[in-house]
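Every chain is numbered from 1, with letters handed out A, B, ... down the list of sequences. Just the heavy atoms: all of them, side chains too, but no hydrogens, waters or symmetry mates, feed the values below.
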Protein chains: 2
Amino acid sequence: MNKQRLTSTLNKAKQVCLEHGRKFTIQRKQILQILLTTDVSLSAYELVSCYKLRTSSSVSVMSVYRILRFLESVNLVRRLNSANKYIAYDTGRERCKDDLSLFLICRHCQKVETLTVSQSDVATLFPHFAEVGFTSQTTQFEMLGVCNECQAKIA
Amino acid sequence: MNKQRLTSTLNKAKQVCLEHGRKFTIQRKQILQILLTTDVSLSAYELVSCYKLRTSSSVSVMSVYRILRFLESVNLVRRLNSANKYIAYDTGRERCKDDLSLFLICRHCQKVETLTVSQSDVATLFPHFAEVGFTSQTTQFEMLGVCNECQAKIA
DNA sequence: TTTGGTATGTTATAATGTATCAATTGTGCT
DNA sequence: AGCACAATTGATACATTATAACATACCAAA
């Protein structure tokens with residue numbers, strides 16, 4: 001992500017916070033910026049370390065957890081259940097309100113690629129779904145595997 | 001799961017272990033049996049408690065983790081990433097070797113329903129998949145939501 | 001200026017999971 | 001039976017991830 005795009009994304013993020021009547025504090029901005037400028041997912045504790053390195057200031061783990069929860073609540077951050085780590089959620093790309101995300105997580109380089117799937121596609125895939133009468137509240141799927149770069153290296 | 005089916009499932013499980021040149025010890029059997037006779041997922045620590053209650057004997061948490069990892073390795077147990085809990089993996093139902101499971105997890109009653117999807121269906125759903133060149137090693141998806149029984153109760 | 005909501009700091013603790021090494025058990029072999 | 005060997009389990013310590021509870025700081029509106 002280049003500098004210009006980063007600035008624009010952070011500005012949008014600020015708007016999102018303000019629309020929710022919440023602040024885009026320096027700490028929230030820094031945490032989001034760290035997540036935006038890496039292509040791997042980071043744990044709360046890793047974020048504490050990065051924060052220290054990049055700002056010559058510091059945050060408590062508690063604050064990081066709170067900040068992550070907040071950023072998640074306004075859809076600026078996603079948590080990866082299969083890794084207990086967090087990634088920035090790209091607000092730049094066009095997406096329907098109820099599209100689902102598919103995160104492709106590389107076991108080797110940890111890089112996370114994000115794809116988008118529509119609700120109707122999911123419904124098509126899971127025809128038994130309607131039968132069992134389950135009401136999904138899930139907004140993301142996670143797949144572990146190997147990305148093409150790493151695949152090439154291995155072979 | 002009725003008694004007869006349970007016995008048959010446990011026998012099959014024993015076969016699976018032996019085929020892998022491993023033992024189906026009393027502890028492994030008990031842990032699997034506990035998981036087979038509940039329809040909710042259980043954490044390692046919950047399994048320790050259940051074990052104590054049901055057998056008037058006990059296991060260490062360490063052993064439970066090891067047993068779970070072993071049972072996972074022979075595909076008799078699955079771990080739910082979204083909950084850090086474990087469920088028995090039904091060997092009874094017909095399934096292709098590389099089918100994927102879709103676990104429907106109810107937020108209210110914690111019950112887990114298991115559906116099956118073929119690899120090819122998944123490939124159809126995610127057309128961008130081939131483009132990004134990601135090699136998936138994932139064998140399951142997890143969806144959180146509300147099951148039909150709970151939905152009815154709520155409404 | 002005081003009051004109410006938002007945000008952060010601080011400490012303690014819960015929940016989940018791994019590392020390590022010793023002890024035990026079981027199995028096959030002689 | 002006695003022995004060697006691998007698989008399994010126990011026990012302790014520790015690492016990682018996460019929440020609870022309560023105090024303090026900040027800031028804007030009444």
Side-chain angles (χ1 to χ4, degrees), chain A residues 13-32 34-35 40-52 55 57-74 76-87 105 110 142 144, chain B residues 13-14 16-32 34-35 40-52 55-74 76-87 105 110 142 144:
Chain A
K14 182 171 185 173
Q15 286 314 311
V16 171
C17 292
L18 296 182
E19 279 160 22
H20 283 80
R22 315 293 294 278
K23 291 167 197 164
F24 193 55
T25 66
I26 183 69
Q27 289 187 333
R28 287 173 180 174
K29 181 178 173 179
Q30 288 290 352
I31 293 293
L32 184 58
I34 291 171
L35 289 174
V40 305
S41 59
L42 297 172
S43 75
Y45 285 79
E46 287 166 344
L47 280 166
V48 170
S49 302
C50 289
Y51 196 101
K52 212 169 278 178
T55 68
S57 163
S58 71
V59 244
S60 67
V61 192
M62 261 318 302
S63 293
V64 171
Y65 275 111
R66 280 187 289 224
I67 288 166
L68 288 171
R69 193 182 324 184
F70 164 69
L71 291 174
E72 255 194 287
S73 78
V74 295
L76 290 169
V77 156
R78 287 291 181 94
R79 185 194 134 94
L80 299 181
N81 291 319
S82 50
N84 297 331
K85 289 174 190 283
Y86 303 81
I87 57 171
I105 305 160
Q110 315 303 323
E142 300 170 33
L144 291 172
Chain B
K14 182 171 187 174
V16 171
C17 292
L18 296 182
E19 279 161 24
H20 283 79
R22 314 294 296 277
K23 293 166 195 162
F24 193 56
T25 66
I26 181 69
Q27 289 187 335
R28 288 175 179 172
K29 182 178 173 178
Q30 288 291 352
I31 294 294
L32 184 58
I34 292 170
L35 288 174
V40 304
S41 59
L42 296 173
S43 75
Y45 285 80
E46 285 166 346
L47 281 165
V48 171
S49 303
C50 289
Y51 196 101
K52 210 168 280 178
T55 68
S56 70
S57 164
S58 70
V59 244
S60 65
V61 193
M62 259 318 302
S63 293
V64 171
Y65 275 112
R66 279 186 291 226
I67 288 166
L68 288 171
R69 195 179 327 181
F70 165 70
L71 292 174
E72 253 194 289
S73 77
V74 296
L76 289 170
V77 155
R78 288 290 181 97
R79 185 194 134 94
L80 299 181
N81 290 318
S82 51
N84 298 332
K85 288 174 191 283
Y86 303 81
I87 57 170
I105 306 160
Q110 314 303 324
E142 300 170 32
L144 291 172

Fill in: B:Val48: side chain to side chain contact (heavy atoms under 4.5 Å, CB included) partners, not counting sequence neighbours
B:Val61, B:Val64

Item to complete: Output yes when at least one side-chain N/O atom of B:Gln27 is less than 4.0 Å from OP1 or OP2 of D:dT9, else no.
Response: yes

Practice prompt. Could you state the atom-to-atom distance from CZ of B:Arg22 to C1' of D:dT8 in whole Å?
Written response: 9 Å

Practice prompt. Could you tell me which residues satisfy side chain to side chain donor-acceptor pair (under 3.5 Å) with B:Thr25, sequence neighbours excluded, listed by chain and number?
Written response: none

Fill in: B:Ser41: side chain to side chain donor-acceptor pair (under 3.5 Å) partners, not counting sequence neighbours
none

Fill in: Interatomic distance where NE2 belongs to B:His20 and C1' belongs to D:dA6 [whole Å]
18 Å

Practice prompt. Could you say whether A:Tyr86 or B:Phe24 is positioned toward the 5' end of DNA chain D, judged by the nucleotide with the nearest heavy atom to each?
Written response: B:Phe24

Worksheet item: Between which nucleotides of DNA chain C, read 5' to 3', does contact with chain B run, using atoms under 4.0 Å from its heavy atoms?
Response: C:dT16 to C:dT20

Fill in: Results of side chain to side chain contact (heavy atoms under 4.5 Å, CB included) for B:Ser60 - residues two or more places apart only
B:Met62, B:Ser63

Mind listing the N/O atom pairs, protein and nucleotides 25-30 of chain D, below 3.5 Å?
none

Worksheet item: For B:Val77 and B:Leu35, which heavy atoms make the closest approach, and how far apart are they?
Response: CG2-CD1, 3.7 Å

Item to complete: Output yes when at least one side-chain N/O atom of A:Arg66 is less than 4.0 Å from OP1 or OP2 of D:dA18, else no.
Response: no

Item to complete: To the nearest Å, give me how far apart NZ (B:Lys29) and P (D:dT9) are.
Response: 14 Å

Discussion item. Using OP1 and OP2 only, check whether a side-chain N or O of A:Tyr65 sits under 4.0 Å from D:dA18.
Written reply: yes

Worksheet item: What nucleic acid atoms does B:Phe70 come within less than 4.0 Å of, heavy atoms only: base, sugar-phosphate, or nothing?
Response: nothing

Worksheet entry | Contacts of A:Glu142 that satisfy side chain to side chain donor-acceptor pair (under 3.5 Å) - sequence neighbours left out | A:Ser82, A:Gln140

Worksheet item: Who pairs with A:Ser58 by side chain to side chain donor-acceptor pair (under 3.5 Å), at least two apart in sequence or on another chain?
Response: none

Worksheet entry | A:Ser43 side chain near D:dT17 phosphate (N/O to OP1/OP2, under 4.0 Å) | yes

Worksheet item: Going by number, which of residues 57-64 of chain B have a non-hydrogen atom under 4.0 Å from DNA chain C?
Response: B:Met62

Item to complete: Could you list the residues that satisfy salt bridge (Lys or Arg N to Asp or Glu O under 4.0 Å) with A:Glu72, not counting sequence neighbours?
Response: none

Practice prompt. Rounded to the nearest angstrom, tell me the gap between atom NZ in A:Lys85 and atom C1' in D:dA18.
Written response: 14 Å

Worksheet item: Rounded to the nearest Å, what distance is computed from the CD1 atom of residue B:Ile26 to the C1' atom of nucleotide D:dA7?
Response: 17 Å

Discussion item. I need the OH-C1' distance between A:Tyr45 and D:dA18, as an integer number of Å.
Written reply: 7 Å

Worksheet item: By side chain to side chain contact (heavy atoms under 4.5 Å, CB included), which residues pair with A:Arg69, not counting sequence neighbours?
Response: none

Worksheet item: How would you list, by chain and number, every residue that makes a side chain to side chain contact (heavy atoms under 4.5 Å, CB included) with B:Ser56, sequence neighbours excluded?
Response: none

Worksheet item: Quick one: are B:Asn84 and B:Arg79 in side-chain contact, heavy atoms under 4.5 Å?
Response: yes

Worksheet item: Closer than 4.0 Å, any side-chain N/O of B:Arg28 to the OP1 or OP2 of D:dT8?
Response: yes

Fill in: Spacing between B:Tyr51 atom OH and D:dG10 atom C1', to the nearest angstrom
13 Å

Discussion item. I need the CD-P distance between A:Glu46 and D:dA18, as an integer number of Å.
Written reply: 11 Å

Fill in: From CD1 (B:Ile31) to OH (B:Tyr51), nearest 0.5 Å
6.5 Å

